[in-house]
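Below is one structure, written out as structure tokens; the observations come after it.
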Amino acid sequence: MTTRLACDVLVVGGGSGGSVVAGRLAAESDARVTLVEAGPDYGARTSGLWPADLLDGGALVTSHEWGYDSGPIAGREPIAFQRARVIGGCSSHNGCVVAVGCPEDYDRWAALTGDARWSAVSVRPALARALERMRVRTYAESEVGPFHRACLDAAASLGVVRADDLDDLDGGIGFGIEPVNIEEGVRFNASFAYVDPARGRDNLTILDRAICDRVIVKGRRVEVTVLRGGEELRIAAGTVVLAAGAYGTPAILQRSGVGDPALLHGAGIEPLVDLPGVGRNLHDHPLAEVEFASSEQLKRLLAESAAIRFTPEEQTLGKLRSSRASGPYDLHVFPVAAHEHSLLAGRVALAVSAMEPLSRGSLHVTGVDPEDVPRIDHGYLSDPGGADLAVIDEGIAWARELAAAESLRELIGPEITPSLDRPVSEYHAHYFHPVGTCAMGVESDPFAVCDGAGHVRGLESVLVADCSLMPVIPRANTNLPAVLVGELITDAILG
Ligand SMILES: Cc1cc2nc3c(=O)[nH]c(=O)nc-3n(C[C@H](O)[C@H](O)[C@H](O)COP(=O)(O)OP(=O)(O)OC[C@H]3O[C@@H](n4cnc5c(N)ncnc54)[C@H](O)[C@@H]3O)c2cc1C
């Protein structure tokens, strides 16, 4: 059975970018907005329906997973690519660390798109708005737990400058206390920030547990097919905003016949719009962990701390500069004393990530079923000059120095992984920040999928508003930048 619905703006995906677009358009215009989200909508923050793990901002979540991975890789275990299937998207299960990158990141987006609205100067007001709406604040000194206090002391003993505000866009290297979107221990996700204020308005409809299959363009109208509870919905809309994330958005376009014709044929899909960039340019920050045994003293101190204060697994972070950096910094090093029930499974580690990666990969659907897992090849550490690996190696060397500093040496046991001679390619992971698969760019760029206002080339009524739009990853964790993309695409739609 097929049910037909209609609206003015259909937003696909209620994650970090999509929550902004749907919430703001519903609150700031009379447009009839429909938000389609594949996962559950647990309602407003105050609904009492939210599962405890999604609310706990102190640990990474293991539930509500899409279940993507790399598939078999020679010489190592497959790499899991975590993505949340729930309203709020990955902002509902992430680490809540807030980073904004540096001016060079946004000026590069402006240069690549020829669109000044992405320049560092232009994005500052929207960035400030996003930080405020996401309730971002830096932990006070008194909130820092014993492990992270020792890390601050260790970094100082190595002569690293103390960063007072890691979210100063103009800030350089430094080690400091993390800014977070956690309020009274609760992960303050993008749905709380943007959808909640619009809930109850007549012009907002939320269809949860509804998966978008594909988009059909009919002249100036667009029709979107959605599967929900065994039923097919056909939703006609004036504008469709795809915000299904860096894996979901290119997959929807490919199922709709938009992409590289040869690859679409291979997946049994009739090519309709030749846009070879769809699914290409996939990249992320590669990450390697140096893991240590926990001492009895650290276990006791963490337990004592948890008894008197919120003790999250992450609280401090260093922005550092390798010998390959093109700008103010190109490394994140952050300590983790993970909770047992966390995705990080109780590990005590120093994580190192290359923040200016050159390696690129791709994503392609393998068939027409929207529940099929696409083929995701991140191409981590594959850049021909080996720069990404070299940057990680420099970061690991620094992390080992940090671990050897007196204040930390007392708390952590010996390094348990990696063994010194193990190649990074065998054990690296990632920072959970995929971007770039429907990149915006200038018209002359054959691999640009969207223009600077987010319109998919050749499908003017279809826009993109999530991490897939980013042509190059910022030197930042990507949640706040995704919210920023949502803010700027909403501004463009509102005119
Ligand atoms: C484990 C983890 C930890 C992280 N930690 C941090 C951190 O500490 N700080 C930080 O800044 N960033 C962090 N990130 C990254 C950050 O959260 C993401 O980059 C950001 O949330 C992505 O936003 P988005 O809008 O692009 O996509 P998402 O937030 O993933 O939203 C996409 C939404 O679309 C829905 N969807 C997908 N396909 C369909 C479909 N076909 N039909 C309908 N709906 C669909 C999904 O269910 C999802 O709700 C983390 C990510 C993960 C996974």
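Numbering of ligands and ligand atoms starts at 1, following listing order.
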Inset, instruction - Dump the intermediate steps for side chain to side chain donor-acceptor pair (under 3.5 Å) on S191 and S19, then the final yes or no. - result: CA-CA 5 Å; S191 176; S19 289; 4.7 Å; no
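In this structure, R83 is not positioned above the aromatic face of Y68 in the sense of NZ or CZ being under 6.0 Å from the six-membered ring centre and within 45° of the axis.
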Distances for all N or O pairs of ligand 1 and the protein under 3.5 Å?
unit_1   : atom_1 : unit_2 : atom_2 : d
ligand 1 : 5 (N)  : G95    : N      : 3.0
ligand 1 : 8 (O)  : G95    : N      : 3.2
ligand 1 : 8 (O)  : C96    : N      : 3.1
ligand 1 : 8 (O)  : V97    : N      : 3.0
ligand 1 : 9 (N)  : V97    : O      : 2.7
ligand 1 : 11 (O) : V97    : O      : 3.2
ligand 1 : 11 (O) : T478   : N      : 3.4
ligand 1 : 11 (O) : N479   : N      : 2.8
ligand 1 : 12 (N) : N479   : N      : 3.4
ligand 1 : 17 (O) : N94    : ND2    : 3.0
ligand 1 : 19 (O) : T478   : OG1    : 2.7
ligand 1 : 21 (O) : S16    : OG     : 2.6
ligand 1 : 21 (O) : N479   : OD1    : 3.3
ligand 1 : 23 (O) : S16    : OG     : 3.4
ligand 1 : 25 (O) : S16    : N      : 3.4
ligand 1 : 25 (O) : G17    : N      : 2.9
ligand 1 : 26 (O) : C467   : N      : 3.0
ligand 1 : 29 (O) : S16    : N      : 3.2
ligand 1 : 29 (O) : C90    : N      : 3.0
ligand 1 : 41 (N) : C212   : O      : 3.2
ligand 1 : 42 (N) : C212   : N      : 2.8
ligand 1 : 44 (N) : A38    : N      : 3.1
ligand 1 : 47 (O) : E37    : OE2    : 2.7
ligand 1 : 47 (O) : W66    : NE1    : 3.2
ligand 1 : 47 (O) : A84    : O      : 3.4
ligand 1 : 49 (O) : E37    : OE1    : 2.7
ligand 1 : 49 (O) : E37    : OE2    : 3.2
ligand 1 : 49 (O) : V86    : O      : 3.1

Table please: side-chain donor-acceptor pairs of residues 171-179 below 3.5 Å, with sequence neighbours left out.
unit_1 : atom_1 : unit_2 : atom_2 : d
E178   : OE1    : Q315   : N      : 3.4

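Aromatic ring orientation, F432 versus H430: perpendicular (interplanar angle above 60°, classes split at 30° and 60°).
By the side chain to side chain contact (heavy atoms under 4.5 Å, CB included) test, P271 pairs with P261, L264, H265, sequence neighbours left out. Applying the side-chain hydrogen bond (donor to acceptor under 3.5 Å, both in side chains) test to D451 and every residue at least two apart in sequence or in another chain returns nothing.
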